[in-house]
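Labels below follow one simple rule: chain letters A, B, ... track the order of the sequence lines, proteins then strands, and each chain is numbered from 1. Treat the numbers as computed from the prediction; the structure is a model and nothing was measured.
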Amino acid sequence: MIDFSILVAVFFTLCVYSFLYKESPFWRIAEQTFIGLALGYTTILAIKNIIDVAWIPISTGKNYWFIGSIILGLMLYTRFIRKYSWISRWPMAVLIGIGTGVAMRTVIEAQIVRQISATFISLMADTAQKTFNNICIVIMVVTSLFYFTFTGAPGKVSGKIRTIGRYTLMLTFGATFGYTVLTRMTLLIGRFTFLWSLGARYYLLVIGIIMLLALALKEKIEKLVQGKHSSLSF
Amino acid sequence: MLIAGRYSSLVFLLAFSIITFYIIQRSRRGKAPQIRKLPAIDAIDEVVGRAAEMGRPLIYTVGGVLDNVEAPQAITGFTILDYVAHKTAKTGVDLIICPRFATHIPIVTDIVREAYRAEGTLDLFKPERIQYYSDTQFAFATGVMGAIARERPASFIMIGAWWAEALMFLETAVIYGAMSIGGTANTHQIPWIVLCTSYTLFGEEMFAAGAYLSKDPISVGTIGATDIERYIIISLILLGVILVTMGIPFLNRLLSM
Amino acid sequence: MEKYVVWKDHRWIYLLLIVVVSIPILSPIGLPVPISKSTMMSFDLIEKLPKGSKVLVSSVLAGGNWPDLGPPETALVQHLFRRGVKIVFIGFADETPTITETTLLPRINKYGARYGEDYVNLGFLAGGESAMAAFANDIRKVVTVDFVLKKPIAEIPIMKDIYKCSDFDLVIHIGMAEDPIRQYFTPFRVPLIVGVYGMMGPHYIPYLEAGQLSGMVIGLRGAAEYEYLLGFKGEGLMGSDSLSMTHLLVALFCILGNVYYFITKTKRKGDKR
Amino acid sequence: MSEFLRRDIPLLITAFLTLFMLAEYFIDLPILGKLGGDIRSWGVVISAFVLPIGIVTLVRNNVTIIRRREKNWPYYLWSLIIMFTMIITGLIGDLGKHPVFIWLYNNIFTHLSSTMYSILAFFITTASARAFRARNVDAALVLISGVFVILTVAPIGEVIWPGIPVIGNWFLDIPNMAGMRGIIIGVGLGVLALGIRTILGYEKGIVMGEKER
């Protein structure tokens, strides 16, 4: 008995991977379905969110001020009317003002003050290894901070300091490179764990082979289709 | 009156606000801080020079959504494009531009046309060399990959807010032997750009190059102010380290007030 | 084309990767998983949580990032249910409440926890960091009803004495780490553990070292370590062999590619002379 | 007058709200906290309205493509059909609880979105084989620390040689920690500078949209 849900899931997964072999109608179906479903889903969640956060407080008579926020929310949509699109700047200004203020007030302690005091480490620690590490940390923090200064005079010494800073940052990007491989391979493993799972394995082989054949003979199929429907360009 | 435990943040906020306000005011009155000649600009000159020398095209892509947090990176991309367009107008290099979003097309077209008019070679300006593919990520990336394979450029420059698509066309640029320069503030994409290009502008260095070229008083003023703030932070760290090494945790307690 | 390119048609490399990722899935090898410091810190902190203490689990879990964020959140939430603490779920991505109900909770042994008394799902708030700040400072002002039963917050037993972020004994955030540090830890000083995307791990090491994070579980690798500590075989441990093989492949390509490059480079320099 | 409404009011709103959020955080006045809570709850409501803007933009783009019969127009038509199916089934009965809505989400959407992001694993592998070369010192340093960190993340690293995780973790805890701290402070200064410019009204960018620039 064919499990239609697994069949559809395997089909769309392989449609995306068909992009690796050849750009084809399979890929375009997958891409457009993804965009359509994503926006359809977001709409429902947005409506649900508006009801929970704005409509219910008003309908239960809790707080009539919320009507103001709904009006501001609707003002966003004036951006689609050319003549009045400037009105949408008011609600955008509210969002940007809150967002900037909320991030700014705590970023000072979280990303500046606390990071400075965390770098107060002794250069004569208990073990030789720790002392070496602490010296490296202090030098590397100071040089990578100094690397991003642009108005000082371009002297020999400042050039040397900036080079150390740039090399530190390169080692930092190496670590990011290492862990980015982790994220990308994780997503790949997640997909193939599903494709090789007992339920999906047979669909993988059947749909996979059919799709490979269709892609291999893509050019021939297109000539065939071209003959019949000149307007439909696949 | 003030909430305890937040005094040090408030002191930093007030101090840095005054520094930023003062430096921007001075720079708007004409006394802007001097940004040093950045190695990035030399790298861009070298890459444009290579395209002129080999008589092959130069592909320039600019990325970043205009109406959100990515806007500053897109603007820097436009500023550097203006600089490059002036150079290609002078040297007659075939400049191809691949804008990331449809909203970039009018802006990019104006920049290049004005640059060619300013250099007096308006006849060399060809609007069809501005090739737009799609707003969606992978369709844009495959479009740029196709352009690189088709045009076989000598040089490739990509400035802006890049995401996963960066690696796709960077690899193609390396395979086809283009000498390339990359610039972004998205730290998660910098490893690829460093590994595939001859020079990388990352984070503030990209904004500094933009300010150096645009001479916009507010951007140059902001960079001057942030430099002073960095010198303050560096001296605080060095002072703190010395005090802690001598066993005086005075600065620690001061900063955690 | 660059002369020293090893593979003309890159699609053979795709096939090789598919083979390398599939073999360990079909026949696992079972390599040991060393435990890292950041995962150990998280496990020890939750292990010491007294029964009945209140924990906030805020997350941006979604279909697209499930393989990266799902396993860490599953391991952490499984440990919370085992400790018998009270859990409040809140989502900051539009899919989070749905995927928490349909995918996350069904695979967790809840040790008889009852919805409403021991755990509750407060749904989704739009607005990113600003919504997080709004939620942390005054929950009842932005959340009116819960996600599952649609009951007003005041009538839900678990929410009886919870008004703002400081009423929680521990906060766990799944997603990025900087906005929870700015909106949960910095203003309220509540201990914060994060489950983050693998690629963001290195970016948050300074916060761990500065004491702003009390623990961090980094992507699938962190989840595998945590599952090993909890003693149950989830997606993390099942995927760790494939993780080894695929990483080894990339590392070998980097090494061999550069060895080949330097050999041909010296040969090329030789021709020029 | 219209200039005042069009440009100055939005800038004043942004500057005032940024300042208010700062005042609420630093000054110990309960009234500020209460008002701040109200403003933020307004923000959450407005943000909810931002989400569907993507739909209006997409529908507008797709309709123009379909009307002009541009290349691949049938796919854009399909995109609208599947989107409205999702919206209509989502609206029937309890919001987002209709069986077809949940089926489309579980069996197509989640698979599509995680597969889309997994495709990058292939590009990393080909790029590491063909493009990642130590052409200059920068790339060499990224490769050295990169390879050690990759083999530290993979459990097999320790099996090959116990020294790998020791070196890998050193790269992670010392140079990476120091370099990232420099970047974090830099980003902090950037957020601060953007905030200060917003309060001073120099930051027209995001509020005005691209026409103004």
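Of the atoms belonging to A:Leu171, heavy atoms from both backbone and side chain fall under 4.5 Å from chain D. Contacts of D:Ile124 with chain A are made by side-chain atoms alone, with heavy-atom separations under 4.5 Å and no backbone atom involved. For A:Ala110, no part lies under 4.5 angstrom from a heavy atom of chain D. In this structure, chain D has no heavy atom under 4.5 Å from any part of A:Ile189. Heavy atoms closer than 4.5 Å to chain A are found in the side chain of D:Ile199, but not in its backbone. Within the 4.5 angstrom heavy-atom criterion, atoms from both the backbone and the side chain of A:Val16 approach chain D. For D:Phe16, no part sits under 4.5 Å from any heavy atom of chain A, backbone or side chain. Heavy atoms of D:Met116 lying under 4.5 Å from chain A belong to its backbone as well as its side chain. Interface remark: D:Ile183 contributes side-chain atoms only to the contact with chain A (heavy atom separation under 4.5 Å). Only the side chain of D:Thr198 comes within contact range of chain A, judged by heavy atoms closer than 4.5 Å. Looking at D:Val45, both its backbone and its side chain come within 4.5 Å of chain A, counting heavy atoms on both sides. At a 4.5 Å heavy-atom cutoff, the contact between A:Ile108 and chain D is made by side-chain atoms alone. Contacts between D:Phe123 and chain A at a heavy-atom distance below 4.5 Å involve the side chain alone, from C-beta outward. Neither the backbone nor the side chain of A:Tyr84 comes within contact range of chain D, judged by heavy atoms closer than 4.5 Å. Looking at D:Phe122, the atoms closer than 4.5 Å to chain A (heavy atoms on both sides) all sit in the side chain, from C-beta outward. Only the side chain of A:Leu169 comes within contact range of chain D, judged by heavy atoms closer than 4.5 Å. Contact annotation for A:Ile139: neither backbone nor side-chain heavy atoms come within less than 4.5 Å of a heavy atom of chain D. Heavy atoms closer than 4.5 Å to chain D are found in the side chain of A:Phe194, but not in its backbone. Contact of A:Leu20 with chain D is made through the side chain alone, with heavy-atom distances under 4.5 Å. Contacts between D:Thr89 and chain A at a heavy-atom distance below 4.5 Å are absent for every atom of the residue. Contact of D:Arg69 with chain A is not made at all, since no heavy-atom distance falls under 4.5 Å. Both the backbone and the side chain of A:Thr119 come within contact range of chain D, judged by heavy atoms closer than 4.5 Å. Contact annotation for A:Tyr147: neither backbone nor side-chain heavy atoms come within less than 4.5 Å of a heavy atom of chain D. Heavy atoms of D:Val137 lying under 4.5 Å from chain A belong exclusively to its side chain.
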Would A:Arg166 and D:Asp138 satisfy side chain to side chain contact (heavy atoms under 4.5 Å, CB included), going step by step from the backbone distance to the final call? CA-CA 8 Å; A:Arg166 190 177 175 98; D:Asp138 292 355; 2.8 Å; yes
Criterion side chain to side chain contact (heavy atoms under 4.5 Å, CB included) on D:Leu172 and A:Tyr179, from CA distance to verdict: CA-CA 10 Å; D:Leu172 203 60; A:Tyr179 270 82; 3.5 Å; yes
Take A:Leu95 and D:Val50, measure what side chain to side chain contact (heavy atoms under 4.5 Å, CB included) needs, and give me the verdict at the end. CA-CA 10 Å; A:Leu95 290 183; D:Val50 169; 3.6 Å; yes
Step by step, would you call A:Met104 with D:Leu192 a side chain to side chain contact (heavy atoms under 4.5 Å, CB included)? CA-CA 6 Å; A:Met104 188 178 166; D:Leu192 208 54; 3.9 Å; yes
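Between D:Phe109 and A:Phe34, the ring-plane angle classifies as parallel under the 30° and 60° cut-offs. The aromatic rings of D:Trp170 and A:Phe132 sit parallel to each other, their planes meeting at less than 30°, with 60° as the upper class boundary.
Between the CZ atom in D:Arg181 and the CD1 atom in A:Ile116 there is a gap of 10.0 Å [rounded to 0.5 Å]. Atom CD1 of D:Ile185 sits about 4.5 Å away from atom CG of A:Leu145, to the nearest 0.5 Å. A:Ile137 contributes atom CD1, which lies 4.0 Å from atom CE of D:Met177 (distance to the nearest 0.5 angstrom). Here the straight-line distance linking atom CD1 of D:Ile9 with atom CD1 of A:Ile87 works out to 13.0 Å at 0.5 Å rounding. One distance of note links CD1 of D:Ile174 with CE of A:Met140; it measures 8.0 Å at 0.5 Å rounding.
Taking every heavy atom of both residues into account, D:Ile53 and A:Arg79 meet most closely at CG2-NH1, 3.3 Å. Across every non-hydrogen atom of A:Ser144 and D:Ala178, the tightest pair is OG-O, 3.8 Å. Shown here for A:Ile98 and D:Ile39, the closest heavy-atom pair between the two residues is CD1-O, 3.6 Å. Of all the heavy atoms in D:Leu95 and A:Lys48, the pair that sits closest is CD1-CA, 3.6 Å. Closest heavy-atom contact between D:Phe26 and A:Arg105: CZ-O, 4.1 Å. Of all non-hydrogen atoms in D:Val149 and A:Gly178, the two that sit nearest each other are CG1-CA, 3.9 Å.
Considering only heavy-atom pairs separated by less than 4.5 Å from chain D, the leading option among A:Ile112, A:Leu45, A:Leu39 is A:Leu39. Between chain D and the residues A:Phe4, A:Tyr77, A:Phe148, the most heavy-atom pairs under 4.5 angstrom are made by A:Tyr77. Of all the listed residues (A:Val181, A:Asn133, A:Leu182), the one sharing the greatest number of non-hydrogen pairs under 4.5 Å with chain D is A:Asn133. Of the listed residues (A:Gly190, A:Ser88, A:Ala30), the one with the most heavy-atom contacts under 4.5 Å to chain D is A:Ala30.
Partners of D:Asp173 by salt bridge (Lys or Arg N to Asp or Glu O under 4.0 Å), not counting sequence neighbours: none found.
Counting non-hydrogen atoms of neighbouring residues, nucleotides and ligands closer than 6.0 angstrom, the NZ atom of A:Lys22 exceeds 12 such neighbours.
The shortest distance between side-chain heavy atoms of D:Thr125 and A:Met185 falls below 4.5 Å. Side-chain atoms of A:Phe177 and D:Ile150, non-hydrogen and from C-beta on, do get closer than 4.5 Å to each other. Within the 4.5 Å cutoff, no side-chain heavy atoms of D:Phe49 are placed close to those of A:Ser69. Considering only heavy atoms from C-beta on, A:Arg28 comes within 4.5 Å of D:Tyr75 through its side chain. A 4.5 Å side-chain heavy-atom check between A:Val94 and D:Trp42 finds every atom pair outside the cut-off. Side-chain atoms of A:Gln111 and D:Val187, non-hydrogen and from C-beta on, do get closer than 4.5 Å to each other.
The salt bridge (charged side-chain N to carboxylate O under 4.0 Å, His left out) analysis of residues 179-197 of chain A, with sequence neighbours excluded, yields no pairs.
When atom types are taken as modelled, the side chain of A:Tyr41 and the backbone of D:Leu104 share no donor-acceptor pair closer than 3.5 angstrom. A donor-acceptor pair under 3.5 Å links the side-chain atoms of A:Arg89 to the main chain of D:Arg6, judged by distance alone.
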